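Labels below follow one simple rule: chain letters A, B, ... track the order of the sequence lines, proteins then strands, and each chain is numbered from 1. Predicted model, so just to flag it, every value in this text is computed and none were measured. Side-chain atoms are counted along with the backbone in the values below, which use heavy atoms only and exclude waters and symmetry mates.
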Number of protein chains: 2
Amino acid sequence: MTSKDLVIARIMAGQRRFQAAMARDRSSPFFSVNLTMQQLKILFTLRLHGGTGGQELAHLMGVSPATMTGIVDRLVAAHYVTRREDPQDRRVRRVQLTPAGDELIDGLMTAGEEHQTRILSRLSVDELTVVADAMEIMQRALAEDEAAGTEPSRH
Amino acid sequence: MTSKDLVIARIMAGQRRFQAAMARDRSSPFFSVNLTMQQLKILFTLRLHGGTGGQELAHLMGVSPATMTGIVDRLVAAHYVTRREDPQDRRVRRVQLTPAGDELIDGLMTAGEEHQTRILSRLSVDELTVVADAMEIMQRALAEDEAAGTEPSRH
DNA sequence: CCGGTTAGTTTGCCTTACGCTAATATTTCG
DNA sequence: CGAAATATTAGCGTAAGGCAAACTAACCGG
């Protein structure tokens, strides 16, 4: 185990503790989601893909097109997605998140931000600067990671 | 807007970008969860509370005791929770996560760790040290926050 | 233009899960 | 001992997902 590995392990342990503290916040939007798991999975999938055709979505979710029609019907009725004819191929129904759908996913993904902000507010300017530097470092590494290797694993 | 606020805003924006990149990882365990939302909410609730009586759990979830009996039946059958008689009051059924239940919740809460570890591996030792320092700073602030004010908002 | 293929929808059927009320049995406690 | 509390069972209803089969509209190549 290299010294880099040790530091990484320590960082990840800290991250886990942080995550556990966030999870203790009972105001998580997760508890107020009133969708089924399949519906939520579909919303996340649409977020990942920026919208898909109906056939493709059925395939991604591993269900029949008939089933997907029903599910999308209900998501449209709930105003979380839109279903539109594809201009290039009128057979295809493009399914996309609405702003409300986006909001719901964002809310789940950014749960705990208030809590985090509150914790950051406790820090001095010097401390905040260290945290900000660390964030810059991580962003750069993330950008490199995406430029270098996520293309093949993207799909 | 103070200069602290500006730095905090920048940190949170970075955090959001980071989160979005993690969400793009299709290997998220979320997609392989085959529980209903209500079941998952109950597992998270049990994690938060470390186990509860049946009546309490029904109340927390806002359903009748009869309904909760059925749901817990199914979670017991799936080996995610145990149900035991409370030694202090034999009317009460204490419901708790099993190790498998814990694992499932942990998996969801720590999703993306591999991805994060990979990104951290790209950093030099100096850079990692900055990130580790930042993490220390955050942990200290978190500890202070918990010592200071989470008691009243805990419930 | 036509025939074969593709994409999506409808219909009908089935299964699972949740949710409730009412009734019941056991346990607790004043 | 009786009333209240806890959990379970039975019965009923609704919603959602899931499939196969049939159907319609659209696409595309010969």
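Within the structure, every pair that satisfies the side chain to side chain donor-acceptor pair (under 3.5 Å) test and touches residues 56-65 of chain B, not counting sequence neighbours, is listed here: B:Ser64-B:Thr67. Among residues at least two apart or in separate chains, there is no salt bridge (charged side-chain N to carboxylate O under 4.0 Å, His left out) pair with a member in residues 57-70 of chain A.
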Below 3.5 Å, can you tabulate the donor-acceptor pairs from side chains in residues 96-106 of chain A to any protein atom, sequence neighbours excluded?
residue  : atom : partner  : partner atom : Å
A:Thr98  : OG1  : A:His79  : O            : 2.6
A:Thr98  : OG1  : A:Tyr80  : O            : 3.1
A:Thr98  : OG1  : A:Ala100 : N            : 3.3
A:Thr98  : OG1  : A:Gly101 : N            : 3.0
A:Asp102 : OD1  : A:Arg47  : NE           : 3.1
A:Asp102 : OD1  : A:Arg47  : NH2          : 2.8
A:Asp106 : OD1  : A:Arg47  : NH1          : 3.1
A:Asp106 : OD1  : A:Arg47  : NH2          : 2.8

Name each donor-acceptor pair under 3.5 Å that joins a side chain in residues 127-135 of chain A to protein atoms two or more places apart or in another chain, with its distance.
residue  : atom : partner  : partner atom : Å
A:Glu127 : OE1  : A:Ser124 : N            : 2.9
A:Glu127 : OE1  : A:Ser124 : OG           : 3.4
A:Thr129 : OG1  : A:Val125 : O            : 2.8

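For A:Arg90, whose side chain is taken as the heavy atoms from C-beta onward, the closest listed nucleotide among D:dG18, D:dA20, D:dA26 is D:dA26. The B:Arg91 side chain lies nearest to D:dA4 when the options are D:dA4, D:dT8, D:dA25.
Taking A:Arg84 as the reference, nothing meets the salt bridge (charged side-chain N to carboxylate O under 4.0 Å, His left out) condition, with sequence neighbours excluded. Residues satisfying the ring pair (Phe, Tyr, Trp, His ring centres under 6.0 Å) criterion with B:Phe44, sequence neighbours excluded, are A:Phe30. For B:Glu85, the salt bridge (charged side-chain N to carboxylate O under 4.0 Å, His left out) criterion is met by B:Arg90, not counting sequence neighbours. The salt bridge (charged side-chain N to carboxylate O under 4.0 Å, His left out) test applied to A:Arg140 returns no partner, not counting sequence neighbours. When the side-chain contact (heavy atoms from CB on, under 4.5 Å) test is applied to A:Arg74, the partners found at least two apart in sequence or on another chain are A:Gln39, A:Ile71.
Contacts between residues 32-41 of chain B and DNA chain D, defined by a heavy-atom separation below 4.0 Å, involve no residue at all. For the segment residues 67-87 of chain A, the set of residues with a heavy atom within less than 4.0 Å of an atom of DNA chain C comprises A:Thr69, A:Arg83, in numerical order.
In this structure, B:Gln88 places its CD atom 15 Å from P of D:dT6, rounding to the nearest Å. What separates CG of B:Leu57 from P of D:dT6 is a distance of 14 Å, to the nearest Å.
Of the possible donor and acceptor atoms, none in the side chain of B:Lys41 sits under 3.5 Å from a partner among the backbone N and O of A:Ser32.
Taking the 5' to 3' direction, DNA chain C first and last meets chain A under 4.0 angstrom from a heavy atom at C:dT6 to C:dT10.
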